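Model, not experiment: these values are computed from the prediction. In each ligand, atom 1 is the first atom listed, and ligand 1 is the first ligand listed.
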Amino acid sequence: MFDILSEKFSDAFKVIRGKHKISEDNIEEALSQVKTALLEADVNFKVVKNFVTAVKEKAIGEKVIAGVNPQEQFIKIVHDELASIMGSANTEPNLERKGTLPILVVGLNGQGKTTFSGKLSLHLRKKKKKSVLLVPADTYRPAAKDQLITLAKSMDVEWFDSDLSSSPKEIALSAMKYATDNKIDVAIIDTAGRLHVDEHLMNELRGVKEALNLFKPEVLMVADAMTGQEAVNVAKTFHDSIGLTGVVLSKMDSDARGGAALSIKYVSGVPIQYISTGEKMKDLELFHPDRLAGRILDMGDVLSLVEKAEEAIDEKEAEKMMKRLEKNKFTVDDFLNQMNMISKLGPLTSIMKMIPGMGGMLRDIGDLGPAESEMKKIKVIISSMTKEERDNYKILNDSRIKRIARGSGNPEVSIKDFITKFKQMEKMIGPMMQMMKGGMPDMSGMGMPGGVPGMGPQKGFRQTSSDASFKKKKNKGKGNWGGGYFSR
Ligand SMILES: Nc1nc2c(ncn2[C@@H]2O[C@H](COP(=O)(O)OP(=O)(O)O)[C@@H](O)[C@H]2O)c(=O)[nH]1
Ligand SMILES: [Mg+2]
């Protein structure tokens with residue numbers, strides 16, 4: 001998927017690497033490569049033209065952000081612009097309604113309509129917990145009915161025994177009656193393939209849609225991504241003729257160019273709702289413009305990471321912590337809170353993998369297991385401390401240390417080690433706060449890759465910027481990550 005674009009874009013970004021600032025001169029070459037890449041990917045020329053203009057305007061107008069290099073900044077602009085031409089947020093059909101929702105599946109022959117109908121039924125039942133009825137309404141090819149029923153049976157989804165001697169409109173209406181009577185949430189109606197230039201068949205389809213209008217149907221057109229601009233034209237004609245609520249791009253697994261994905265929303269105005277990525281029933285994905293843009297630019301799933309971080313981190317907690325840090329009050333409890341925030345994100349290794357460029361670095365560092373188990377150990381040590389001790393570690397004398405060692409099942413030296421390192425960290429708070437006010441938090445010294453999420457002004461792409469500091473530190477403290485707290 002998008003292989004060609006990924007490759008070409010990464011070449012274009014190289015042009016800006018090492019530049020101090022984005023200027024009209026040095027961006028020209030990169031932009032022209034971006035343009036060629038898009039055209040070769042069969043992206044609609046109007047889309048390309050607007051895309052390049054928008055990126056140029058933004059790139060030149062952009063203020064230099066501290067800690068972000070021009071190349072990263074350019075990548076971010078291209079990313080946001082890619083996401084924006086593909087549409088805004090995902091627009092799955094609204095399933096929260098009274099009565100049965102009909103989803104009419106339309107498109108040319110052989111595009112993947114029947115396959116998609118099957119996939120969608122599985123998705124709606126498994127992920128959305130909806131009851132589904134699969135309705136075969138291809139009255140031209142009896143084999144199409146068998147194909148859908150076979151899929152339905154294999155997934156244990158209910159299907160409608162359509163009377164193929166009646167019209168598609170009659171089938172749709174009687175299926176809706178059955179679904180309504182039986183309180184089925186969604187009826188997916190799989191229609192016969194038809195050419196958008198075939199007046200008669202298009203009229204027939206319009207009739208089906210109009211008959212369903214009182215149920216406020218979704219009309220999804222399935223288009224083979226590999227057909228590029230042809231898919232775009234067909235979507236536009238279908239939309240003008242019967243009105244679509246969404247497009248499904250099928251065979252994305254075989255499409256190396258991505259021209260349809262990047263043009264359909266812009267040209268036809270219809271949002272892409274799903275992408276079909278294989279022949280198996282599970283091969284269906286929601287269309288996430290921002291994530292796909294990330295995939296095209298080969299940046300790892302930065303966005304998922306940011307989302308995950310945002311979910312996991314309690315903003316109020318973070319704010320409170322900031323206040324305490326400003327007052328230079330960083331206690332053992334604060335430290336514990338931070339570790340808990342990080343743990344909520346998941347295992348360190350998988351967090352790191354989501355950060356662009358980290359994959360390779362992980363290979364250099366090797367196992368993150370030690371850092372992980374160190375975190376666990378510290379949590380146990382802290383939980384064996386009294387509230388008083390956690391508020392002021394300075395009262396930890398020999399007898400207290402002995403008690404904590406016993407309580408946590410660790411040797412005394414581990415407790416002392418923890419205290420020493422906590423002291424070091426405390427010393428770093430002042431300079432760190434200074435840095436954060438300067439706009440470039442570098443908390444890698446605290447053993448937290450990419451800074452402490454939710455604590456600084458740093459979001460999203462800034463993570464890439466602290467990769468750099470991470471790299472520096474790593475080279476110093478060989479074998480550690482961050483060369484900070486969790487070094488052994
Ligand atoms: N590789 C791949 N093949 C697909 C995908 N969707 C459908 N197909 C294949 O495309 C062919 C036509 O699919 P079908 O659903 O019968 O198309 P319809 O005529 O529009 O109903 C079949 O061989 C499917 O297995 C997909 O996402 N990826
Ligand atoms: Mg079919």
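In terms of N/O distances under 3.5 Å, ligand 1 is approached by D253. Where the criterion is an N or O separation shorter than 3.5 Å, residue side chain and backbone included, S250 fails it with respect to ligand 1. When only interatomic distances are considered, the shortest N/O to N/O separation between F116 and ligand 1 does not fall below 3.5 Å. Residue N109 places no N or O, backbone or side chain, under 3.5 Å from any N or O of ligand 1. The shortest N or O to N or O distance between E279 and ligand 1 is under 3.5 Å. On a distance-only criterion, G112 and ligand 1 share at least one N/O pair closer than 3.5 Å.
Among all non-hydrogen protein atoms, the one lying nearest atom 15 (O) of ligand 1 is T115 OG1, 2.5 Å. Looking only at protein heavy atoms, the nearest one to atom 16 (O) of ligand 1 is Q147 NE2, 3.0 Å. Looking only at heavy atoms of the protein, atom 11 (C) of ligand 1 is closest to K251 NZ, 4.0 Å.
For ligand 1, the atoms sitting less than 4.0 Å from at least one non-hydrogen atom of S254 are 1 (N), numbered in the order shown with element in parentheses. If you number the atoms of ligand 1 from 1 as listed, the ones under 4.0 Å from a heavy atom of T277 come out as 27 (O). Of all atoms in ligand 1, listed by their number and element, those nearer than 4.0 Å to a heavy atom of Q111 are 17 (O), 18 (P), 20 (O). For ligand 1 and K119, the ligand atoms under 4.0 Å from any heavy atom of the residue are 27 (O). Residue contact check: K113 has heavy atoms under 4.0 Å from atoms 15 (O), 17 (O), 18 (P), 19 (O), 20 (O), 21 (O) of ligand 1.
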What's the verdict on salt bridge (charged side-chain N to carboxylate O under 4.0 Å, His left out) for K119 and E279, showing C-alpha distance, side-chain angles and the deciding distance?
CA-CA 9 Å; K119 288 174 176 181; E279 294 191 71; over 6 Å; no
Report the C-alpha distance between E285 and R295 in whole Å, list the side-chain angles of each, state the deciding distance to 0.1 Å, and finish with yes or no for salt bridge (charged side-chain N to carboxylate O under 4.0 Å, His left out). CA-CA 14 Å; E285 292 179 26; R295 261 195 234 176; 2.7 Å; yes
inquiry  = What verdict does the salt bridge (charged side-chain N to carboxylate O under 4.0 Å, His left out) test give for K145 and D161, after you've listed the backbone C-alpha separation in whole Å, the side-chain angles of each residue and the deciding distance to 0.1 Å?
reply    = CA-CA 9 Å; K145 179 177 171 181; D161 191 10; 2.7 Å; yes
Between D11 and K8, does a salt bridge (charged side-chain N to carboxylate O under 4.0 Å, His left out) hold up when you go through it step by step? CA-CA 5 Å; D11 287 344; K8 294 271 159 73; over 6 Å; no
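Side-chain contact of T245 with E218: a donor-acceptor pair under 3.5 Å is present, judged by distance alone. In this structure, a donor-acceptor pair under 3.5 Å is present between the side chains of S131 and D185.
The shortest heavy-atom distance from G278 to ligand 1 is under 4.0 Å. At least one heavy atom of G110 sits under 4.0 Å from some atom of ligand 1. M252 does not count as a contact of ligand 1, since none of its heavy atoms falls under 4.0 Å from the ligand.
In this structure, P136 and S162 approach most closely via the heavy-atom pair O-OG, 2.6 Å. Here the closest heavy-atom approach between residue M202 and residue I242 is recorded as O-CG2, 4.2 Å.
Using a 4.0 Å cut-off between charged nitrogen and carboxylate oxygen, K56 and E24 count as a salt-bridge pair.
Applying the ring pair (Phe, Tyr, Trp, His ring centres under 6.0 Å) rule to pairs touching residues 214-266 yields nothing, sequence neighbours excluded. Applying the ring pair (Phe, Tyr, Trp, His ring centres under 6.0 Å) test to every pair with at least one member in residues 97-153, sequence neighbours left out, gives these pairs: F116-Y274, H123-Y274.
Applying the salt bridge (Lys or Arg N to Asp or Glu O under 4.0 Å) criterion to D283, with sequence neighbours excluded, gives no partner residue.
Distance CE/M155 to OG1/T150: 10.5 Å, rounded to 0.5 Å. Once rounded to the nearest 0.5 Å, the distance linking CG of L195 with CG of L108 reads 6.0 Å.
Here the protein contributes T114 OG1 as N, O or S atoms under 2.8 Å from the Mg ion (ligand 2).
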